[in-house]
Amino acid sequence: MLIEVKNDIEEINRVRHIVQDFCKSRMVSDKKFHDIIIIFDEIITNIIKYAYQDDQNHTFVVHMDKDNDRVIISFIDDGIAFDPLEKVDPDTQSLSIEERPIGGLGIFLVKQLADVVKYSRIGKQNRLDVTVAL
Amino acid sequence: MEIKTLSQDGVTIVTPVGRVDTSTAKAFEDGVMASISACNKIAIRFDEIDYMSSAGLRVVLMAGKKLSAIKGELVLINMPEKIFSVFKTSGFDKIIKICQTFEESKQFFN
(Lines give C-alpha, C1' and ligand atoms only; values in the text may rest on other atoms or scores of the structure.)
Protein backbone atom coordinates (compact mmCIF):
# COMPACT_ATOMS: atom_id res chain seq x y z
CA MET A 1 0.00 0.00 0.00
CA LEU A 2 1.20 3.51 -0.83
CA ILE A 3 0.35 6.48 1.41
CA GLU A 4 1.14 10.02 0.30
CA VAL A 5 1.68 12.42 3.19
CA LYS A 6 1.88 16.22 3.15
CA ASN A 7 4.27 18.08 5.45
CA ASP A 8 1.45 19.15 7.77
CA ILE A 9 1.25 17.85 11.33
CA GLU A 10 -2.54 17.39 10.99
CA GLU A 11 -1.79 14.58 8.53
CA ILE A 12 -0.99 12.29 11.46
CA ASN A 13 -4.69 11.77 12.17
CA ARG A 14 -5.51 10.84 8.59
CA VAL A 15 -2.54 8.51 8.31
CA ARG A 16 -3.46 6.83 11.60
CA HIS A 17 -6.88 5.89 10.19
CA ILE A 18 -5.28 4.42 7.07
CA VAL A 19 -2.83 2.40 9.16
CA GLN A 20 -5.63 1.25 11.45
CA ASP A 21 -7.71 0.00 8.50
CA PHE A 22 -4.65 -1.72 7.04
CA CYS A 23 -3.86 -3.51 10.31
CA LYS A 24 -7.47 -4.47 11.07
CA SER A 25 -8.15 -5.91 7.64
CA ARG A 26 -4.98 -7.99 7.89
CA MET A 27 -5.60 -9.29 11.40
CA VAL A 28 -2.61 -7.54 12.98
CA SER A 29 -2.92 -7.83 16.77
CA ASP A 30 -3.83 -4.80 18.91
CA LYS A 31 -0.41 -4.83 20.53
CA LYS A 32 1.41 -4.77 17.20
CA PHE A 33 -0.97 -2.13 15.83
CA HIS A 34 -0.10 -0.04 18.88
CA ASP A 35 3.64 -0.43 18.18
CA ILE A 36 3.18 0.35 14.48
CA ILE A 37 1.14 3.47 15.14
CA ILE A 38 3.82 4.82 17.50
CA ILE A 39 6.48 4.12 14.84
CA PHE A 40 4.40 6.03 12.27
CA ASP A 41 3.83 8.92 14.65
CA GLU A 42 7.51 9.28 15.51
CA ILE A 43 8.91 9.02 11.99
CA ILE A 44 6.26 11.10 10.24
CA THR A 45 6.59 13.79 12.89
CA ASN A 46 10.36 13.87 12.35
CA ILE A 47 9.99 14.20 8.58
CA ILE A 48 7.31 16.90 8.82
CA LYS A 49 9.22 18.91 11.42
CA TYR A 50 12.79 18.58 10.23
CA ALA A 51 13.15 17.33 6.64
CA TYR A 52 12.00 20.46 4.85
CA GLN A 53 13.73 23.70 5.67
CA ASP A 54 11.55 25.98 3.54
CA ASP A 55 7.94 27.03 4.00
CA GLN A 56 6.73 25.23 0.88
CA ASN A 57 4.29 22.36 0.64
CA HIS A 58 5.93 18.98 0.21
CA THR A 59 4.68 15.43 -0.12
CA PHE A 60 6.53 12.31 0.92
CA VAL A 61 5.51 8.68 0.62
CA VAL A 62 5.16 5.65 2.83
CA HIS A 63 4.98 2.10 1.51
CA MET A 64 3.43 -0.44 3.83
CA ASP A 65 3.17 -4.17 3.22
CA LYS A 66 2.49 -7.28 5.24
CA ASP A 67 3.62 -10.80 4.59
CA ASN A 68 3.05 -13.85 6.78
CA ASP A 69 4.98 -12.82 9.81
CA ARG A 70 5.98 -9.19 9.48
CA VAL A 71 4.95 -5.70 8.47
CA ILE A 72 7.43 -3.75 6.37
CA ILE A 73 7.19 0.03 6.21
CA SER A 74 9.35 2.33 4.05
CA PHE A 75 9.35 6.08 4.64
CA ILE A 76 10.75 7.99 1.65
CA ASP A 77 11.22 11.76 1.65
CA ASP A 78 13.21 14.21 -0.45
CA GLY A 79 14.19 16.45 2.44
CA ILE A 80 17.66 17.17 3.81
CA ALA A 81 19.89 14.16 4.41
CA PHE A 82 19.20 12.79 7.86
CA ASP A 83 20.19 9.41 9.26
CA PRO A 84 18.19 8.94 12.48
CA LEU A 85 20.29 5.90 13.37
CA GLU A 86 23.35 8.08 13.90
CA LYS A 87 21.74 9.52 16.99
CA VAL A 88 23.17 8.12 20.21
CA ASP A 89 20.58 6.28 22.33
CA PRO A 90 19.50 8.16 25.45
CA ASP A 91 20.62 6.88 28.84
CA THR A 92 17.33 5.43 30.10
CA GLN A 93 18.66 3.58 33.12
CA SER A 94 21.00 5.57 35.32
CA LEU A 95 19.91 9.22 35.34
CA SER A 96 17.72 10.92 37.94
CA ILE A 97 14.60 12.78 36.88
CA GLU A 98 16.50 16.06 37.19
CA GLU A 99 19.25 14.75 34.91
CA ARG A 100 17.07 13.22 32.20
CA PRO A 101 17.02 15.48 29.13
CA ILE A 102 13.61 16.39 27.72
CA GLY A 103 13.08 14.90 24.26
CA GLY A 104 15.19 12.58 22.14
CA LEU A 105 13.07 9.52 22.80
CA GLY A 106 11.24 9.25 19.47
CA ILE A 107 13.82 7.44 17.37
CA PHE A 108 14.88 5.41 20.39
CA LEU A 109 11.29 4.14 20.74
CA VAL A 110 11.18 3.26 17.04
CA LYS A 111 14.40 1.24 17.39
CA GLN A 112 13.02 -0.58 20.42
CA LEU A 113 9.57 -1.32 18.95
CA ALA A 114 10.80 -2.37 15.50
CA ASP A 115 12.88 -5.44 14.73
CA VAL A 116 14.96 -3.91 11.95
CA VAL A 117 15.47 -0.24 11.06
CA LYS A 118 17.61 0.56 8.04
CA TYR A 119 18.50 3.97 6.65
CA SER A 120 19.72 4.74 3.16
CA ARG A 121 20.35 7.94 1.28
CA ILE A 122 19.53 7.34 -2.37
CA GLY A 123 20.19 10.31 -4.61
CA LYS A 124 18.21 13.14 -3.04
CA GLN A 125 16.00 10.85 -0.99
CA ASN A 126 16.06 9.60 2.57
CA ARG A 127 14.72 6.10 2.90
CA LEU A 128 13.98 4.47 6.23
CA ASP A 129 12.92 0.82 6.11
CA VAL A 130 11.28 -0.47 9.27
CA THR A 131 10.37 -4.11 9.85
CA VAL A 132 8.03 -5.17 12.62
CA ALA A 133 7.84 -8.90 13.29
CA LEU A 134 4.31 -10.08 14.10
CA MET B 1 -8.13 16.50 22.99
CA GLU B 2 -10.29 16.13 26.07
CA ILE B 3 -8.58 16.27 29.45
CA LYS B 4 -10.58 15.60 32.58
CA THR B 5 -9.47 16.86 35.97
CA LEU B 6 -10.82 15.81 39.34
CA SER B 7 -9.81 16.84 42.83
CA GLN B 8 -9.90 13.99 45.32
CA ASP B 9 -8.36 13.79 48.81
CA GLY B 10 -6.16 16.81 48.09
CA VAL B 11 -4.80 15.31 44.87
CA THR B 12 -5.61 16.52 41.37
CA ILE B 13 -6.24 13.58 39.06
CA VAL B 14 -5.62 14.47 35.41
CA THR B 15 -7.13 12.09 32.83
CA PRO B 16 -6.24 12.61 29.16
CA VAL B 17 -8.76 11.03 26.78
CA GLY B 18 -7.96 9.63 23.34
CA ARG B 19 -4.47 9.80 21.89
CA VAL B 20 -1.41 11.68 23.03
CA ASP B 21 0.62 12.28 19.88
CA THR B 22 2.37 15.22 18.27
CA SER B 23 -0.90 16.85 17.28
CA THR B 24 -2.44 16.66 20.77
CA ALA B 25 0.58 16.87 23.09
CA LYS B 26 0.32 20.64 23.49
CA ALA B 27 -3.22 20.37 24.87
CA PHE B 28 -2.03 17.62 27.24
CA GLU B 29 0.90 19.79 28.34
CA ASP B 30 -1.34 22.81 28.93
CA GLY B 31 -3.80 20.72 30.95
CA VAL B 32 -1.13 19.12 33.14
CA MET B 33 0.78 22.36 33.71
CA ALA B 34 -2.42 24.23 34.63
CA SER B 35 -3.15 21.56 37.23
CA ILE B 36 0.40 21.78 38.62
CA SER B 37 0.13 25.53 39.04
CA ALA B 38 -2.93 24.97 41.24
CA CYS B 39 -1.89 21.83 43.14
CA ASN B 40 1.45 20.12 43.78
CA LYS B 41 0.01 16.63 44.20
CA ILE B 42 -0.79 15.26 40.77
CA ALA B 43 -1.93 11.86 39.57
CA ILE B 44 -2.14 11.27 35.83
CA ARG B 45 -4.55 8.52 34.89
CA PHE B 46 -3.89 6.57 31.68
CA ASP B 47 -6.78 4.18 31.19
CA GLU B 48 -8.69 6.44 28.81
CA ILE B 49 -5.96 6.87 26.22
CA ASP B 50 -5.33 4.61 23.25
CA TYR B 51 -1.68 5.33 22.75
CA MET B 52 1.05 7.74 23.61
CA SER B 53 4.07 8.68 21.52
CA SER B 54 7.29 10.36 22.67
CA ALA B 55 5.45 13.69 22.49
CA GLY B 56 3.39 12.52 25.47
CA LEU B 57 6.42 11.10 27.31
CA ARG B 58 7.99 14.52 27.00
CA VAL B 59 5.03 16.12 28.78
CA VAL B 60 5.10 13.53 31.59
CA LEU B 61 8.83 14.11 32.09
CA MET B 62 8.33 17.88 32.16
CA ALA B 63 5.58 17.46 34.77
CA GLY B 64 7.81 15.18 36.85
CA LYS B 65 10.71 17.65 36.74
CA LYS B 66 8.47 20.57 37.62
CA LEU B 67 6.87 18.78 40.58
CA SER B 68 10.24 17.55 41.78
CA ALA B 69 11.55 21.13 41.72
CA ILE B 70 8.65 22.47 43.80
CA LYS B 71 8.67 19.52 46.23
CA GLY B 72 5.41 18.22 44.88
CA GLU B 73 4.53 14.67 43.89
CA LEU B 74 3.62 12.98 40.61
CA VAL B 75 2.20 9.46 40.42
CA LEU B 76 0.99 7.76 37.24
CA ILE B 77 -2.04 5.53 37.75
CA ASN B 78 -4.31 3.04 35.95
CA MET B 79 -1.81 2.44 33.17
CA PRO B 80 -2.72 -0.27 30.63
CA GLU B 81 0.01 -2.78 29.83
CA LYS B 82 0.73 -1.44 26.33
CA ILE B 83 1.23 2.10 27.64
CA PHE B 84 3.34 0.80 30.55
CA SER B 85 5.65 -0.98 28.12
CA VAL B 86 6.42 2.36 26.42
CA PHE B 87 7.21 3.92 29.81
CA LYS B 88 9.39 0.98 30.77
CA THR B 89 11.26 1.05 27.44
CA SER B 90 11.99 4.73 28.06
CA GLY B 91 13.20 4.02 31.60
CA PHE B 92 10.51 6.28 33.05
CA ASP B 93 9.46 3.56 35.50
CA LYS B 94 12.78 4.24 37.24
CA ILE B 95 12.21 7.97 37.75
CA ILE B 96 8.43 8.34 38.10
CA LYS B 97 6.14 6.43 40.45
CA ILE B 98 3.58 4.20 38.75
CA CYS B 99 0.67 2.63 40.66
CA GLN B 100 -2.16 0.33 39.64
CA THR B 101 -4.86 2.43 41.30
CA PHE B 102 -5.48 5.82 42.88
CA GLU B 103 -5.91 4.11 46.26
CA GLU B 104 -2.45 2.62 45.94
CA SER B 105 -0.95 5.98 44.98
CA LYS B 106 -2.19 7.69 48.14
CA GLN B 107 0.79 6.43 50.17
CA PHE B 108 2.98 8.85 48.18
CA PHE B 109 0.84 11.93 48.73
CA ASN B 110 1.40 13.29 52.23
For B:Asp50 and A:His34, which heavy atoms make the closest approach, and how far apart are they?
O-CD2, 3.5 Å

May I ask whether A:Val71 and A:Met1 are part of the same hydrophobic cluster, defined by side-chain heavy atoms of I, L, V, M, F, W, Y residues being less than 4.5 angstrom apart, directly or through others?
yes

Honestly curious: do B:Phe109 and B:Ile77 fall in one hydrophobic cluster under the side-chain, below-4.5 Å linking rule?
yes

Would one find more than 12 heavy atoms of other residues, nucleotides or ligands at under 6.0 Å from atom NZ of A:Lys66?
yes

Taking atom CD of B:Gln107 as the centre, report whether more than 12 heavy atoms of other residues, nucleotides or ligands fall under 6.0 Å from it.
yes

Flag side-chain contact, heavy atom, 4.5 Å: A:Thr92 against B:Lys94:
no

For residues B:Phe92 and B:Phe84: do they belong to one hydrophobic cluster (side chain heavy atoms under 4.5 Å, members Ile, Leu, Val, Met, Phe, Trp, Tyr)?
yes

Where on A:Asn13 is there a heavy atom nearer than 4.5 Å to chain B: the side chain, the backbone, both, or neither?
side chain

Do A:Glu99 and B:Ile95 have side chains that get closer than 4.5 Å, going by heavy atoms?
no

For A:Ile12, which atoms come within 4.5 Å of any heavy atom of chain B: side chain, backbone, both, or neither?
side chain

Report, as yes or no, whether the 6.0 Å neighbourhood of atom NZ on B:Lys88 holds more than 12 heavy atoms from other residues, nucleotides or ligands.
no

Proximal component of B:Thr24, with respect to chain A [non-hydrogen, under 4.5 Å]:
neither

Among residues 38-60 of chain A, residues within the sub-4.5 Å heavy-atom range of chain B, in order of number, are A:Ile38, A:Asp41, A:Glu42, A:Thr45, A:Lys49

What option among B:Ser68, B:Ser90, B:Ala55, B:Gly64 has the most heavy-atom pairs under 4.5 Å with chain A?
B:Ser90

Which bit of B:Asp93 is near chain A, if near means a heavy-atom gap under 4.5 Å: side chain, backbone, both or neither?
neither

Would A:Leu95 and B:Leu61 show up in the same hydrophobic cluster when neighbours are defined by side-chain heavy atoms closer than 4.5 Å?
no

Could you give all pairs that pass the salt bridge (Lys or Arg N to Asp or Glu O under 4.0 Å) test and reach residues 105-123 of chain A, with sequence neighbours left out?
A:Asp89-A:Lys111

Do B:Lys82 and A:Asp30 come close enough that some side-chain heavy atom pair is under 4.5 Å?
no

If I take atom CG from residue B:Asp21 and atom CD1 from residue A:Ile37, how far apart are they, to the nearest 0.5 angstrom?
9.0 Å

Contact leader toward chain A among B:Arg58, B:Arg19, B:Met52, B:Met62, where contacts are heavy-atom pairs under 4.5 Å
B:Arg19

Using non-hydrogen atoms only, which part of A:Leu109 is less than 4.5 Å away from chain B: side chain, backbone, both, or neither?
side chain

Could you state whether A:Ile3 and A:Ile36 fall into the same hydrophobic cluster, counting links through intermediate Ile, Leu, Val, Met, Phe, Trp or Tyr residues with side-chain heavy atoms under 4.5 angstrom apart?
yes

